[in-house]
Amino acid sequence: MKVEKIDYIWSAVSMVIVGYTYWNHRLPDGILLIYAMMVVLFAYHIWRIKKRLSESVAVYGKVTDYHTTQKVRGSFPIVTYTTEGGREITSVSSVEERKRHYEIGDEVMVCYDPDEPMFFYFAGRENELTNDYFRFILFGAPVAFIMLLMR
């Protein structure tokens with residue numbers, strides 16, 4: 001996931017909100033405001049991802065390896081594919097897999113961004129790019145609702 005300028009602005013604004021509402025003994029209101037702002041920010045990220053997906057190009061690629069680190073529990077597939085322009089790309093998936101979906105050597109359908117060919121996703125697994133945003137919105141809603149009722 002790429003950190004954008006809006007994310008830095010968001011973090012600074014949320015810190016100001018926490019400080020201000022804490023100082024004025026209205027921290028729950030600040031937390032609710034931050035949640036509402038996060039929903040808007042995450043909706044923006046989801047929209048950007050969906051827009052990017054709509055402009056992607058589908059090609060077949062080959063799973064060549066898996067990248068693993070000590071800090072993560074899963075692994076990231078490494079795929080080689082050729083763009084429409086004939087450029088051969090080898091790139092690591094941005095989505096971690098806890099369970100390996102493919103064997104090394106498997107031919108798979110991937111979709112890449114023509115403006116940034118290193119970015120790809122597996123066809124049929126588009127939701128993996130937005131699931132974390134939806135989870136936050138979904139699981140945060142009951143907490144926000146309870147906080148509203150307790151006001």
Side-chain angles (χ1 to χ4, degrees), residues 1-19 28 30-149:
M1 207 171 346
K2 184 176 178 184
V3 179
E4 298 179 23
K5 184 187 284 188
I6 193 168
D7 298 312
Y8 291 115
I9 293 168
W10 149 251
S11 62
V13 168
S14 64
M15 293 302 286
V16 169
I17 290 170
V18 166
I31 292 170
L32 288 171
L33 178 60
I34 288 170
Y35 173 74
M37 289 173 53
M38 285 182 83
V39 168
V40 170
L41 179 65
F42 287 175
Y44 166 76
H45 280 300
I46 291 167
W47 174 78
R48 293 265 323 255
I49 290 169
K50 297 283 186 184
K51 183 176 183 295
R52 191 176 198 183
L53 295 180
S54 70
E55 298 167 353
S56 63
V57 176
V59 296
Y60 280 99
K62 185 176 186 178
V63 177
T64 58
D65 202 358
Y66 278 87
H67 173 73
T68 57
T69 66
Q70 295 175 342
K71 294 182 181 183
V72 293
R73 291 180 242 167
S75 56
F76 300 86
I78 300 172
V79 177
T80 299
Y81 52 94
T82 304
T83 66
E84 287 184 323
R87 182 174 165 201
E88 187 171 300
I89 303 289
T90 298
S91 185
V92 179
S93 175
S94 59
V95 178
E96 177 185 7
E97 292 185 353
R98 301 277 170 106
K99 176 188 131 213
R100 292 186 177 185
H101 291 92
Y102 309 105
E103 296 293 325
I104 293 175
D106 283 356
E107 292 280 329
V108 293
M109 176 72 74
V110 296
C111 301
Y112 71 92
D113 183 347
D115 295 330
E116 190 180 332
M118 294 296 287
F119 171 77
F120 77 93
Y121 62 92
F122 293 99
R125 295 174 52 193
E126 296 87 352
N127 291 340
E128 292 176 348
L129 300 169
T130 57
N131 281 347
D132 290 339
Y133 296 121
F134 281 119
R135 277 189 206 107
F136 173 82
I137 293 169
L138 184 67
F139 293 127
V143 174
F145 183 72
I146 290 168
M147 288 182 70
L148 277 173
L149 291 178

May I ask you to test the [X]-[Y] pair for a side-chain heavy-atom distance under 4.5 Å?
{"X": "Arg52", "Y": "Tyr121", "answer": "no"}
{"X": "Phe122", "Y": "Val79", "answer": "yes"}
{"X": "Ser75", "Y": "Arg100", "answer": "yes"}
{"X": "Ile89", "Y": "Thr83", "answer": "yes"}
{"X": "Ser93", "Y": "Val110", "answer": "no"}
{"X": "Val95", "Y": "Leu129", "answer": "yes"}

Indicate the atoms forming the closest heavy-atom contact of [X] with [Y], along with that distance.
{"X": "Val59", "Y": "Thr82", "answer": "CG1-O, 3.8 Å"}
{"X": "Val143", "Y": "Phe139", "answer": "CG2-O, 4.0 Å"}
{"X": "Pro114", "Y": "Ser56", "answer": "CD-CA, 4.2 Å"}
{"X": "Thr68", "Y": "Gly74", "answer": "CG2-O, 3.9 Å"}
{"X": "Ala144", "Y": "Leu32", "answer": "O-CD2, 3.4 Å"}

Nearest-0.5 Å distance that lies between atom [atom1] in [X] and atom [atom2] in [Y]:
{"X": "Asn131", "Y": "Leu138", "atom1": "CG", "atom2": "CG", "result": "11.0 Å"}
{"X": "Glu96", "Y": "His67", "atom1": "CD", "atom2": "NE2", "result": "10.5 Å"}
{"X": "Asp132", "Y": "Asn127", "atom1": "CG", "atom2": "CG", "result": "12.0 Å"}
{"X": "Lys51", "Y": "Asp113", "atom1": "NZ", "atom2": "CG", "result": "9.5 Å"}
{"X": "Glu128", "Y": "His101", "atom1": "CD", "atom2": "NE2", "result": "6.0 Å"}

List in chain and number order the residues that pass ring pair (Phe, Tyr, Trp, His ring centres under 6.0 Å) with Phe119, two or more places apart in sequence or in another chain; answer none if no residue qualifies.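 If we apply the ring pair (Phe, Tyr, Trp, His ring centres under 6.0 Å) test to Phe119, skipping adjacent residues, there are no hits.
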
Mind checking side chain to side chain contact (heavy atoms under 4.5 Å, CB included) for Ala36 and listing every partner two or more places apart, or none if nothing turns up?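 Not a single residue meets the side chain to side chain contact (heavy atoms under 4.5 Å, CB included) criterion with Ala36.
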
Of all residues at least two apart in sequence or in a different chain, which pass the side chain to side chain contact (heavy atoms under 4.5 Å, CB included) check with Leu33?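 With sequence neighbours excluded, Leu33 shows a side chain to side chain contact (heavy atoms under 4.5 Å, CB included) to Ile17, Met37, given in chain and number order.
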
Step through the shown structure and confirm whether more than 12 heavy atoms of other residues, nucleotides or ligands are within 6.0 Å of [atom1] on [X].
{"X": "Met109", "atom1": "CE", "answer": "yes"}
{"X": "Tyr60", "atom1": "OH", "answer": "no"}
{"X": "Glu55", "atom1": "CD", "answer": "yes"}

Between the side chain of Tyr66 and the main-chain N/O of Tyr102, is any donor-acceptor distance below 3.5 Å?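 Side chain of Tyr66 to backbone of Tyr102, a donor-acceptor pair under 3.5 Å: yes, one is there.
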
Phe145-Tyr35 aromatic ring centre distance below 6.0 Å: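 When the ring centroids of Phe145 and Tyr35 are compared, they turn out to be at least 6.0 Å apart.
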
Donor-acceptor side-chain pairing of Ser91 and Tyr112 below 3.5 angstrom: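 No, Tyr112 and Ser91 have no side-chain donor paired with an acceptor closer than 3.5 Å.
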
Stepwise side-chain contact (heavy atoms from CB on, under 4.5 Å) test for Thr90 and Ile78: CA-CA 7 Å; Thr90 298; Ile78 300 172; 3.7 Å; yes

For the pair Phe136 and Phe42, name the ring-plane relationship: parallel under 30°, tilted 30 to 60°, perpendicular over 60°.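 The arrangement is perpendicular - the two ring planes meet at more than 60°.
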
